Structure formats: C-alpha cells, structure tokens
Amino acid sequence: MTAVTDLVPSYPMTRGCPFDPPAELARIRDDECPAEPGVARVRIWDGSTPWLVTRYDDVRAALADERLSADADRDGYPAASRSRRVRSRGRRRSFIMMDGPEHARHRRMLIGEFTVRRIERLRPLVEQTVTALLDAMEAGENPTDLVQAFALPLPSLVICHLLGVPYADHAFFEAQSRIMVDLTSGAEASAAASDALQDYLAGLVRERLDEPRDDVLGGMAARVAAGDLTVDEASASALLLLVAGHETTANMIALGTLTLLHHPDQLAVVRDGDAAQVRAAVEELLRVLTVTHVGRRRVATEDLEIGGVTIRAGEGVVLAAEAANRDPRQWPHPDEVDVTRGTNRHVAFGFGVHQCLGQPLARLELQIAYPALLRRFPGLRVTVPDSEIPFRDDMAVYGVHALPVAF
C-alpha cells in the first residue's frame with residue numbers, strides 16, 4: 001500500500017532540458033486543480049516536507065512577507081543540504097539570514113556601496129577588464145574554456161576591486177567558494193571552507209583597522225572601529241559579497257552565452273543592439289535562466305496563507321523563483337527566449353527586503369560582457385554537443401562547470 005507521504009515529490013527535481021527548470025515544477029505551478037493551487041509539499045534531503053511555492057504572484061508576495069523568516073537557526077527552516085545546515089547553524093551569519101531590525105541595520109551599512117550611481121562609477125573599470133580578458137583570450141589557445149578565460153575572472157576581478165580583496169588570492173577563494181555552493185559537499189568540508197574564507201576576510205578587515213583604505217572592507221573596518229560591527233559580523237557579510245559577487249555572475253555569463261549561441265537571431269540583437277536593447281536582453285536572460293535554482297528558503301513564524309493554502313507556524317517554505325519566472329500568468333510564451341520583451345519584472349534577484357544587494361553590479365557586468373564578447377568573436381561557437389557540457393545540477397548556483405568554445 002502506498003502511503004500518502006510516498007507521493008510527495010523530491011526537491012530539487014531533475015531537469016530534462018538543461019536550459020529549462022524541471023518539468024515537475026511547471027506541473028505544480030500550472031495545475032488548475034483547486035486541490036493543487038501552485039503550492040505543494042515536497043521532500044528535501046533530510047526527509048522533511050516543506051511547502052514549495054511556484055507561482056509568480058505567490059512567490060513575490062511571500063518574499064515580501066515578514067511572517068516568513070530567513071533565519072536558518074529556526075526549527076523548521078528547510079536548508080538546501082546537510083552541509084548548508086551545519087554551516088549556518090550556530091556559526092557566523094551574514095545579513096541574509098537575519099530578520100527585521102537586525103537585518104535592516106546590517107544591510108544599511110552596505111547599501112550605499114551598491115547603489116546604481118555608485119556602481120555606475122565602475123563602468124570604466126569593468127570595460128577595461130573585459131577588454132583585457134578578451135585580448136588575452138584572443139592571444140591564447142583556441143579552442144579554450146570560456147569559463148576560465150572570461151566568465152569567471154571578470155566578476156572575480158571586479159568584486160575583488162570593490163571589496164579590496166587581493167585578486168592574487170583568487171585560486172584560494174574560488175576553490176573555497178566552489179565547495180560551499182556544491183550541494184554534494186560533505187558538512188565538514190563545507191564548514192571548513194566557510195571558516196577558512198571567513199578567517200581570511202577577517203584578517204583583511206583587521207588589516208584595514210591598522211591601515212584604512214577606501215574600499216568596502218575599509219568601510220566595514222571603520223564600522224568595527226566605531227563599535228557598530230564585530231570583526232566576525234564584518235567577515236560574514238564580506239563572505240556573502242565575495243561568493244555571490246562572482247559565482248552568480250560568472251554562471252550567468254557562461255550559461256547566457258551558451259543560450260544565445262543556440263538562438264542566433266537573439267544573439268544578433270545583443271551583439272548589434274543599442275544600450276536599451278542590451279539591457280532588455282540581459283533582463284530576459286536573467287528571467288529565463290534564473291541561476292539560483294534551489295529556491296529561496298524560509299520558515300513561517302506564524303500561521304499564514306499562500307495561494308489558498310494554510311502554512312502553519314514552524315513549517316518550512318521553499319520559494320521557487322525558477323518556476324515563478326516562467327509563470328504563463330505573467331509572461332506570454334514564458335519558456336521562449338525573447339530578448340525584445342518589454343517590462344520584465346522577474347524575481348531572479350529575489351524581492352522585498354532580501355532582494356539582492358549586488359544586482360546593479362551584476363547587471364552592469366552582464367550588459368558589458370555579452371556584447372563585447374560577441375562583437376570581438378563573431379565566429380564564437382561551442383565545440384561539443386550539449387550532451388558533453390558539464391551543467392551544474394550539483395551546485396546551488398546553476399550554470400556550466402566548463403564551456404569549450406572556438407572563435
């Protein structure tokens with residue numbers, strides 16, 4: 001006899017097409033049966049069964065609902081993996097795992113560094129970095145791996161400049177970062193990687209206490225000196241900025257390029273279009289690809305209703321932005337890549353008080369990187385079939401581990 005709990009699908013689900021979210025997500029989202037209103041129980045790695053929210057309006061509303069906590073220390077919080085649970089509980093926390101006034105206080109200390117106007121000042125640096133990397137790629141081996149030649153070093157160099165982290169240490173922090181976002185990492189390895197990175201960043205903050213500098217770590221050190229932050233709090237936030245600042249954008253560059261190569265008409269718009277067309281194209285790629293593909297995790301602090309379903313206090317909730325961004329209630333033909341779409345209110349960067357702080361930087365890098373790459377190498381092509389590309393199903397940030405290209 002089949003128990004009811006045996007019918008609960010596992011999450012994350014397996015993709016069929018590497019460019020689309022799992023079909024099971026769409027089935028939950030689009031089922032018009034009143035008993036399945038886009039909100040369903042799913043089973044995660046530890047056997048618990050949090051709620052999965054899939055529809056755009058519900059995900060957006062839930063992301064703004066203060067009755068859903070981002071605090072991973074709370075009972076019922078649906079951690080993405082065992083290593084993430086071990087790494088987050090009782091350890092140094094970044095502000096994205098805080099709620100209410102505590103979260104607001106920490107976020108306010110950083111928000112001035114990521115305003116659109118402040119990030120726009122980095123445009124010359126990003127353009128120079130892109131040009132230098134493309135020069136090196138052109139002078140180097142052909143074929144090459146686009147991830148290592150261009151997609152990964154660009155955001156790494158830029159976030160290092162912004163934070164004040166020596167890029168000479170990139171092999172160290174990129175390796176630790178990969179362990180942290182690898183869903184298959186052992187708990188001890190993941191915690192050790194997190195500790196190593198936080199200790200490294202704490203050392204840089206302490207250096208700024210003795211020798212102040214005009215960078216983000218310098219600003220954090222000033223806050224420490226003023227008694228607004230501890231070194232541990234500063235290093236936890238710096239860790240988040242460093243990891244998110246290169247992992248997400250690197251994968252958007254590589255996966256977005258691969259997507260455009262599959263759609264030559266769309267690629268031509270990005271390569272030949274004006275600034276407004278490129279901005280629209282970047283928003284469409286962010287919507288369609290949604291590289292943070294294991295859902296935003298929350299736990300209810302009181303009873304509430306989502307999509308007509310009652311969520312009880314203490315129950316976990318997973319907000320599937322990758323499904324919400326393909327919701328046909330919001331976009332016509334949502335599975336099609338159309339870089340000429342107009343208004344694109346996707347939730348690839350989240351929504352509400354936890355909306356991604358670094359989104360202006362990510363947008364700037366993508367708006368410069370895609371057309372520059374395609375204009376420099378009009379004959380850019382992938383040298384292997386999709387079946388031989390190592391897609392990142394095993395990582396918290398989706399994309400490709402490598403992308404062999406010729407030009």
Side-chain angles (χ1 to χ4, degrees), residues 8-25 42-50 52 72-73 77-94 96-97 145 147-148 151-152 155-156 170-198 200 239-240 242-252 254-255 258 289-298 316 318-323 384 386-404:
V8 175
S10 297
Y11 183 86
M13 292 123 177
T14 303
R15 290 178 186 249
C17 171
F19 299 98
D20 294 329
E24 181 69 4
L25 279 181
V42 289
R43 188 183 309 285
I44 62 173
W45 61 275
D46 62 353
S48 64
T49 54
L52 180 73
D73 277 343
Y77 182 90
S81 65
R82 180 172 180 272
S83 61
R84 284 204 159 197
R85 173 164 294 168
V86 171
R87 199 174 71 222
S88 60
R89 288 203 163 179
R91 308 174 80 87
R92 291 171 280 190
R93 296 183 305 152
S94 71
I96 64 166
M97 293 185 177
D145 175 11
V147 173
Q148 294 301 321
L152 179 57
S156 292
H170 75 98
F172 162 72
F173 69 71
E174 287 170 0
Q176 304 309 311
S177 173
R178 276 196 298 275
I179 295 170
M180 290 176 61
V181 299
D182 187 339
L183 296 172
T184 66
S185 290
E188 291 184 1
S190 182
S194 176
D195 287 346
L197 260 183
Q198 291 211 18
Y200 166 73
L239 172 64
L240 170 67
L242 180 62
V243 173
H246 75 273
E247 282 282 354
T248 51
T249 307
N251 283 288
M252 270 303 303
L255 189 61
L258 177 60
L289 300 177
T290 312
V291 294
T292 51
H293 69 141
V294 293
R296 264 71 173 179
R297 309 286 171 131
R298 299 288 189 270
V318 179
L319 306 171
E322 67 273 37
V384 299
D386 287 348
S387 59
E388 295 180 19
I389 295 173
F391 289 93
R392 290 169 50 115
D393 295 290
D394 52 343
M395 311 294 270
V397 180
Y398 190 64
V400 292
H401 288 289
L403 186 61

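Keep in mind that what you see is a predicted model, and the values were worked out from it rather than measured.
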Is there a donor-acceptor contact under 3.5 Å from the side chain of [X] to the main chain of [Y]?
X	Y	result
Tyr398	Val294	no
Arg296	Leu319	no
Arg85	Tyr77	yes
Trp45	Leu183	no
Arg82	Asp46	no
Arg392	Val397	yes
Ser190	Gly186	no
His293	Met395	yes

Does the side chain to side chain contact (heavy atoms under 4.5 Å, CB included) test come out yes or no for Asn251 and Leu289, once each step is laid out?
CA-CA 10 Å; Asn251 283 288; Leu289 300 177; over 6 Å; no
Just verifying a value: how many Å separate [X] [atom1] and [Y] [atom2], rounded to the nearest 0.5 Å?
X	Y	atom1	atom2	value
Met13	Tyr11	CE	OH	7.5 Å
Arg43	Ser10	CZ	OG	6.5 Å
Glu247	Thr292	CD	OG1	12.0 Å
Asp182	Arg84	CG	CZ	10.5 Å
Thr184	Ile179	OG1	CD1	10.5 Å
Leu197	Leu240	CG	CG	12.0 Å

Evaluation steps, side chain to side chain contact (heavy atoms under 4.5 Å, CB included), between Ser185 and Met180:
CA-CA 7 Å; Ser185 290; Met180 290 176 61; over 6 Å; no
May I have the step-by-step check of side chain to side chain contact (heavy atoms under 4.5 Å, CB included) for Thr49 and Val42, ending in yes or no?
CA-CA 5 Å; Thr49 54; Val42 289; over 6 Å; no
For [X] and [Y], work out which heavy atoms get closest and say how close.
X	Y	result
Val318	Pro78	CG2-CG, 4.2 Å
Leu152	Ser156	O-OG, 3.1 Å
Glu322	Gly295	OE1-N, 4.2 Å
Asp20	Arg15	O-NH1, 3.0 Å

May I ask you to test the Ile44-Pro50 pair for a side-chain heavy-atom distance under 4.5 Å?
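The answer is yes; the side chains approach within 4.5 Å.
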With a 4.5 Å heavy-atom cut-off, do Ser194 and Leu239 have their side chains touching?
yes
Under the criterion side chain to side chain donor-acceptor pair (under 3.5 Å), I'd like the reasoning laid out for Asp394 against His401: C-alpha separation, chi angles, the key distance, then a yes or no.
CA-CA 10 Å; Asp394 52 343; His401 288 289; 3.2 Å; yes
Near-ring test Phe173/Tyr200, centroid separation under 6.0 angstrom
no
Is there a side chain to side chain contact (heavy atoms under 4.5 Å, CB included) between Leu25 and Leu52? Walk through the geometry before answering.
CA-CA 9 Å; Leu25 279 181; Leu52 180 73; 3.5 Å; yes
